[in-house]
Protein chains: 2
Amino acid sequence: MRADAQRNRDKIVETAREVFRDHGYDASLDLVAKQAGVGAGTLYRHFPTRETLLDAVMQSWVDRVDDTVGKALAREGSPREVLVGWFTDYVSLISLHKGGPAKLTCAMGDEASPIRTKCQALSAAMTRFLADLDSDGALRADVDPLEVCRLVGGVATVADQGELAASVVRPMLEVVADGLLASR
Amino acid sequence: MRADAQRNRDKIVETAREVFRDHGYDASLDLVAKQAGVGAGTLYRHFPTRETLLDAVMQSWVDRVDDTVGKALAREGSPREVLVGWFTDYVSLISLHKGGPAKLTCAMGDEASPIRTKCQALSAAMTRFLADLDSDGALRADVDPLEVCRLVGGVATVADQGELAASVVRPMLEVVADGLLASR
DNA sequence: TTGCTAAACGGAGACTGTCTCCGGTACTGT
DNA sequence: ACAGTACCGGAGACAGTCTCCGTTTAGCAA
């Protein structure tokens, strides 16, 4: 790639990150282009669709997912507390941009999605977490990580679009956690 | 209201029902107007926003909610089976139009929403159902109907937008149900 | 350094959807 | 039948998406 192209690409991604944060995921792409000081054509050549741009914006974010799993597993407390803690982290991770939870959760399991890699990172993180917790026998037998991603993603989607407070979200995550834990 | 105005209003609602069913909730409103044989102005005078039109479209649908609760409660089986059955019904009810689950669930608890009445009908139905089940002591103590609407609505939203099969949705509803039932 | 060429730029504009304004139409009560 | 007004409907302003194509420029070879 030519140096100027690389520069423009970086500038667009950086600008998009800010614009998406400030105006939500539905922000005008022409605004992103203008803000970045490039023409609309340049933006659309680099990123044919909104999804591909979002994918680039999220790249750095993906790296944080694995860290978060580690920290969540290291926390003290009952399996229930650890699980709810991780769910809370998960919701935060996918709620970084408005509209993010819906996009990510719905693309989950869709092999053709442009943000496939992000979904895979998330689902891998969930798998890793559940496997660790499961080794203690804390979980029900037949828990499918993809299913859990969708359940927690559903809660995050509703919370995101309905602008719910954390205090309302937590009990919902607790219900999901209770549904997954082996009954004592 | 003048007779011609009423005629036009009815025609718009009827047409919108078809158009929304065929093209999803995001269908062009100008298309609805054209299909109904009226000008865009007429449509927007009767229904200032997309939400108000959707509200009118859903009117007949609301009447079915109460019936469904009754039938769900009358079903044979364990509390868990009855609960999952009702959740399945609930998902069907709010998934009648594409985009419906998200709209309805996010408007839940928002007093200012134009589709407030629909949400109230749903939340009342959920309350009635849970109260009946609770009287058998089958549920955990602190179950909030609004919270359950959001949980099940979240599942429905993900299923709707991700076009998930019923066989994938059911286990998710079971997890929610297990989280709500009193542990034995 | 100079000149060439392919790659990249960028903005005008086509297209689509939303929503408003206002001149014209026609329903209803008298 | 008539007047008054409630209502109609489409032209058009506005905003966002995306493409096309003339112009510019980076990178390379001589």
Side-chain angles (χ1 to χ4, degrees), chain A residues 1-57 97-100 102-103 106-107 112-115 161, chain B residues 1-57 97-100 102-103 106-107 112-115 161:
Chain A
M1 188 185 295
R2 246 167 61 173
D4 56 341
Q6 184 66 57
R7 246 193 330 272
N8 271 330
R9 192 182 189 286
D10 292 348
K11 181 70 180 161
I12 289 168
V13 171
E14 189 187 330
T15 307
R17 208 191 311 276
E18 291 167 23
V19 172
F20 284 165
R21 179 157 22 84
D22 297 348
H23 296 71
Y25 173 75
D26 285 336
S28 156
L29 295 189
D30 276 18
L31 174 67
V32 172
K34 181 171 285 185
Q35 207 102 307
V38 303
T42 303
L43 187 149
Y44 283 99
R45 195 166 342 92
H46 283 296
F47 307 102
T49 67
R50 183 179 288 274
E51 258 70 27
T52 51
L53 176 55
L54 190 68
D55 189 70
V57 165
H97 302 95
K98 184 138 183 65
K103 287 284 157 197
C106 295
S113 167
I115 55 173
Q161 292 175 15
Chain B
M1 188 185 292
R2 247 168 58 175
D4 56 341
Q6 184 66 56
R7 248 194 326 274
N8 271 329
R9 193 181 188 286
D10 292 348
K11 181 70 179 162
I12 289 168
V13 171
E14 189 187 330
T15 306
R17 206 191 313 276
E18 292 167 20
V19 173
F20 284 165
R21 176 156 25 80
D22 297 348
H23 295 72
Y25 174 76
D26 285 334
S28 158
L29 295 189
D30 277 18
L31 174 67
V32 172
K34 182 171 284 186
Q35 206 104 309
V38 303
T42 303
L43 187 150
Y44 283 98
R45 196 167 340 92
H46 283 297
F47 306 103
T49 68
R50 183 179 287 275
E51 259 70 28
T52 52
L53 176 55
L54 192 68
D55 189 71
V57 165
H97 303 95
K98 184 137 183 67
K103 286 286 157 195
C106 295
S113 166
I115 54 171
Q161 292 176 14

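Because only heavy atoms are used, hydrogens play no part in the values below, and waters and symmetry mates are left out as well, while side chains stay in. First the proteins, then the strands, lettered A, B, ... as listed; each starts at 1.
- Residues passing the salt bridge (Lys or Arg N to Asp or Glu O under 4.0 Å) test with A/E51 are A/K103, sequence neighbours excluded.
- The distance from atom CD1 of A/I12 to atom C1' of C/dG10 is 11 Å, rounded to the nearest whole Å.
- When all heavy atoms of B/D55 and B/I115 are compared, the pair lying nearest together is OD1-CA, 3.5 Å.
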- Message: Treating primed atoms plus P, OP1 and OP2 as sugar-phosphate and everything else as base, which nucleotides of nucleotides 7-18 of chain D get B, S or - for protein heavy atoms under 4.0 Å?
- Response: SBBB-----SBB

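- Residue A/F20 comes nearest to A/Y25 through the heavy atom pair CE2-O, 4.0 Å, listed as atom of the first residue, atom of the second, then distance.
- Pairing each heavy atom of B/Q161 with each of B/A102, the nearest pair is NE2-CB, 3.5 Å.
- The interatomic distance linking B/L53 (CG) with C/dG17 (C1') rounds to 15 Å, in whole Å.
- Residue contacts for B/A3: at a heavy-atom cut-off of 4.0 Å it reaches the sugar-phosphate backbone alone, with no base atom in range.
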List the atom pairs, donor and acceptor, that lie under 3.5 Å between side-chain atoms in residues 28-40 of chain B and the rest of the protein, sequence neighbours left out.
unit_1: B/S28; atom_1: OG; unit_2: B/D30; atom_2: N; d: 3.2
unit_1: B/S28; atom_1: OG; unit_2: B/L31; atom_2: N; d: 3.1

